[in-house]
K.L.:
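Input: one structure, supplied below.
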Amino acid sequence: MTAVVIGGGVAGLVAARRLATTGEHVVLLEASDRLGGRVAPVVLDGLVLDSGAESFAVRGGAVRAMVDGLGLGADVVEPRGSAWVALPDRVVPLPAGGLLGIPSSPLATDVRRVVDTGGSLRAYADRLLPVLKVGRYPMLGPLVRGRMGPRVLDRLVAPVVEGVYGAHPDAVPVDAIAPGLNSAITTTGALSAAVLRLRTAAPPGAAAQGVVGGVHRLVDALRGALAGVEVRTLAPVIGLHPDPYGPGWTVVTAERDHRADRVVLAADGGAALDLLSDAAPALTALPRPAPAVSTAVLLTVDDPRLDAAPRGTGVLRSSLRDDVGATAITHATAKWGWLADRLPAHRHVLRLAYRGAGTPSDAQVQVDAAALLGFATAVPRSRADVVWSDPAPALAPETLAIRRALQEGALPAGLAVAGAWTAGTGLASVVASAERAARV
Ligand SMILES: Cc1cc2nc3c(=O)[nH]c(=O)nc-3n(C[C@H](O)[C@H](O)[C@H](O)COP(=O)(O)OP(=O)(O)OC[C@H]3O[C@@H](n4cnc5c(N)ncnc54)[C@H](O)[C@@H]3O)c2cc1C
């Protein structure tokens, strides 16, 4: 029996590792010259830093189980502190205890600090308004605006959802971003109570964790755990066809055809949809999402004013701030103790996130950093830019429609899909989807 995995991002690596345990011959085909996809290192000022994913959600336990299985459990760390938000009139800490910025205690002091007393009282009305007993709230933005008011939406929820998922809450289905929230609202009778219930059900500790040395270490560890797997880089798959002579598949690369009894398609959404044209033509006829392109700008800076982590782990931009180009800044040395320990006194790593692939000038980057932090830092020592493209953003309406069609019409036997576009952005969803796909 032969299994072929298409794509060597985390989804493909996890699927290949799982398939290898069944004793099948496993071939992993990766288009680029490196494994890991959107988990990748970048070298800056003598440091190896994460340029894509830099943490993973604890939810579901799939990533932690994988990390433990790879022998890296002792290197798992929690971030120090939490994030702030840059509003038009101030830069303030995000309240504790929320979900996607939705507060569980609308009258709490840290909520009032962001939305003011009027906004807090309006949010409290959520406790008095009747909830849907039949049906579900479809979209996140209208749900929050209707129950807690526009200030909670604009000043808390939109910065978090836009900063983390790159989409405005008005365009995000509740069930896609917060599974379980709808039914918790029905059961508890309020949005804030539902948030509290989901938070209480989550494991104690931080919602996200990291790895000493960076999350990119997972890629090498996964590669090391692929004993017996035939790994080929620079091997883009250009065709995927049902075997004309019986069950199974033909996987086409420029170099050769691979015959497979089963295939896990773990390429990104754009490539995956192209490759599904034979196996699932109905899917590929659906409208495609617009790609989401983003740029990470990493800086090192010597500035003692950053030593005390004055803005926690970093700052998310409120969309009410139209004067700032960057959508967020992460203070990486404040967030990760292991990184601070590797640097001389007063040296810091900052990471700004931008939409699009344009290269902001050094002056623009400094203006944006100052606007988000609320003060100007020293001139950076060094800078590295990394452009990321996501051909099928997981929360785009077109991707969600394709996912629904995928769930409704089963794929032919021996073919499974995995990865962020099918399961949701982030390693927690990606690892779980890859484990499932390898078991089909
Ligand atoms: C800047 C940034 C920050 C992020 N931060 C976090 C974070 O902190 N926490 C978190 O959990 N997630 C984060 N994410 C999201 C996370 O990185 C992704 O959800 C996850 O890595 C996606 O993994 P994947 O395997 O599904 O896809 P990818 O990583 O995109 O891998 C797909 C692979 O398929 C290959 N491929 C494409 N076409 C073909 C083909 N025809 N043949 C063979 N191979 C092909 C690609 O080259 C690629 O290697 C971040 C993403 C970015 C861009």
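All ligand and atom numbering here is 1-based and tracks the order in the structure. Positions are given from 1, in the same order as the sequence printed here.
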K.L.:
Can you tell me how far OG1 of Thr233 sits from CZ of Arg34, rounded to the nearest 0.5 angstrom?
P.N.:
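OG1 of Thr233 is found 11.0 Å from CZ of Arg34.
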K.L.:
Near Ile6, which atoms of ligand 1 are under 4.0 Å from a heavy atom of that residue?
P.N.:
42 (N), 43 (C)
K.L.:
Can you check side-chain contact (heavy atoms from CB on, under 4.5 Å) on Val26 and Val5, steps first, answer last?
P.N.:
CA-CA 7 Å; Val26 182; Val5 177; 4.3 Å; yes
K.L.:
What I want to check is whether the side chains of Asp368 and Tyr354 have a donor and an acceptor closer together than 3.5 Å.
P.N.:
yes
K.L.:
What residue and heavy atom of the protein are closest to atom 19 (O) of ligand 1, and at what distance?
P.N.:
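For this ligand atom, the closest protein heavy atom is Gly426 N, 3.0 Å.
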K.L.:
Kindly determine whether Asp257 and Arg259 satisfy salt bridge (Lys or Arg N to Asp or Glu O under 4.0 Å), including the steps that lead there.
P.N.:
CA-CA 7 Å; Asp257 289 359; Arg259 209 215 139 263; over 6 Å; no
K.L.:
Will you find, in the side chains of Ser192 and Ser104, an N or O donor that is under 3.5 Å from an N or O acceptor?
P.N.:
no
K.L.:
What atoms of ligand 1 come closer than 4.0 angstrom to any heavy atom of Val39?
P.N.:
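Close to Val39: 21 (O).
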K.L.:
Look at the side chain of Arg355 and the backbone N and O of Gly325, then say whether any donor-acceptor pair between them is shorter than 3.5 Å.
P.N.:
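Not a single qualifying donor-acceptor pair exists.
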K.L.:
Working note: Val114 + Leu94, criterion side-chain contact (heavy atoms from CB on, under 4.5 Å); need CA distance, chi angles, decisive distance, verdict.
P.N.:
CA-CA 8 Å; Val114 183; Leu94 280 169; 5.7 Å; no
K.L.:
Distance under 4.0 Å to a non-hydrogen atom of Gly7: what atoms of ligand 1 satisfy this?
P.N.:
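Ligand 1 atoms under the 4.0 Å threshold to Gly7: 34 (O), 35 (C), 43 (C), 44 (N).
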K.L.:
Quick one: look up the protein heavy atom nearest atom 51 (C) of ligand 1 and list residue, atom name and how far away it is.
P.N.:
Ala53 N, 4.3 Å
K.L.:
For Leu29, take its heavy atoms, then give the atoms of ligand 1 lying under 4.0 Å from any of them.
P.N.:
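Answer, ordered by atom number: 43 (C), 44 (N).
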K.L.:
For Ala420, is at least one N or O under 3.5 Å away from an N or O on ligand 1?
P.N.:
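Yes; the residue has a nitrogen or oxygen that sits under 3.5 Å from a nitrogen or oxygen of the ligand.
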K.L.:
Within the structure, does Ala235 bring an N/O atom to less than 3.5 angstrom of an N/O atom in ligand 1?
P.N.:
no
K.L.:
What is the minimum heavy-atom distance between Val430 and Ser433, and which atoms define it?
P.N.:
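For Val430 versus Ser433, the nearest heavy atoms are O-OG, 2.9 Å.
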K.L.:
Is ligand 1 less than 4.0 angstrom away from at least one heavy atom of Ala296?
P.N.:
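So Ala296 does not count as touching ligand 1.
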K.L.:
Side chain or backbone, does Arg34 bring an N or O within less than 3.5 Å of an N or O on ligand 1?
P.N.:
no
K.L.:
Within the 4.0 Å heavy-atom shell around Asp268, which atoms of ligand 1 are there?
P.N.:
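So the atoms of ligand 1 that pass are 32 (C), 34 (O), 37 (C).
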K.L.:
So, Glu230 versus His25: side-chain donor-acceptor pair below 3.5 Å or not?
P.N.:
yes
K.L.:
I'd like to check which ligand 1 atoms, numbered from 1 as shown, lie under 4.0 Å from a non-hydrogen atom of Ala11.
P.N.:
25 (O), 26 (O)
K.L.:
Can you measure from CH2 (Trp249) to NE2 (His241) and round to the nearest 0.5 angstrom?
P.N.:
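Output value for this atom pair is 10.5 Å.
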K.L.:
Tell me, which protein residue and heavy-atom name are nearest atom 10 (C) of ligand 1, and how many Å apart are they?
P.N.:
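For atom 10 (C) of ligand 1, the nearest protein heavy atom comes out as Ser55 O, 3.4 Å.
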K.L.:
Is Ala57 in polar range of ligand 1, meaning some N or O pair under 3.5 Å apart?
P.N.:
no
K.L.:
Are any of the N or O atoms of Phe56 closer than 3.5 Å to those of ligand 1?
P.N.:
no
K.L.:
Among protein heavy atoms, which sits nearest to atom 42 (N) of ligand 1, and what does the distance come to when rounded to 0.1 Å?
P.N.:
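The answer is Val237 N, 2.9 Å.
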K.L.:
Can you find a side-chain donor-acceptor pair between His348 and Asp303 that sits under 3.5 Å?
P.N.:
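No, no side-chain donor-acceptor pair sits under 3.5 Å.
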K.L.:
For Trp388, take its heavy atoms, then give the atoms of ligand 1 lying under 4.0 Å from any of them.
P.N.:
1 (C), 53 (C)
K.L.:
Any N/O of Ser294 closer than 3.5 Å to an N/O of ligand 1?
P.N.:
no
K.L.:
Looking only at protein heavy atoms, identify the closest one to atom 31 (O) of ligand 1 and say how far it is in Å.
P.N.:
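I find the closest protein heavy atom is Gly9 CA, 3.4 Å.
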K.L.:
Where do Leu427 and Ala53 come nearest, in terms of heavy atoms and distance?
P.N.:
CD1-CB, 4.1 Å
K.L.:
So does Arg317 pair up with Glu162, basic N to acidic O under 4.0 Å?
P.N.:
no
K.L.:
Of all the atoms in ligand 1, which lie at a distance below 4.0 Å from a heavy atom belonging to Glu54?
P.N.:
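The list of qualifying atoms is 7 (C), 8 (O).
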K.L.:
Looking at atom 44 (N) of ligand 1, what's its closest protein heavy atom, distance included?
P.N.:
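Ranked first by proximity to atom 44 (N) of ligand 1 is Ala31 N, 3.1 Å.
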K.L.:
From Leu286 CG over to Leu273 CG, what is the distance, rounded to the nearest 0.5 angstrom?
P.N.:
8.5 Å
K.L.:
Please state which protein non-hydrogen atom is closest to atom 15 (C) of ligand 1 and give its distance, to 0.1 Å?
P.N.:
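Atom 15 (C) of ligand 1 sits closest to the protein heavy atom Thr425 CG2, 3.8 Å.
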K.L.:
How does Arg351 reach ligand 1, if at all, at less than 4.0 Å between non-hydrogen atoms: by side chain, backbone, both, or neither?
P.N.:
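Side chain only.
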K.L.:
Starting from atom 47 (O) of ligand 1, what is the nearest protein heavy atom, named by residue and atom, and what distance separates them?
P.N.:
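Among all protein heavy atoms, the one nearest atom 47 (O) of ligand 1 is Glu30 OE2, 2.6 Å.
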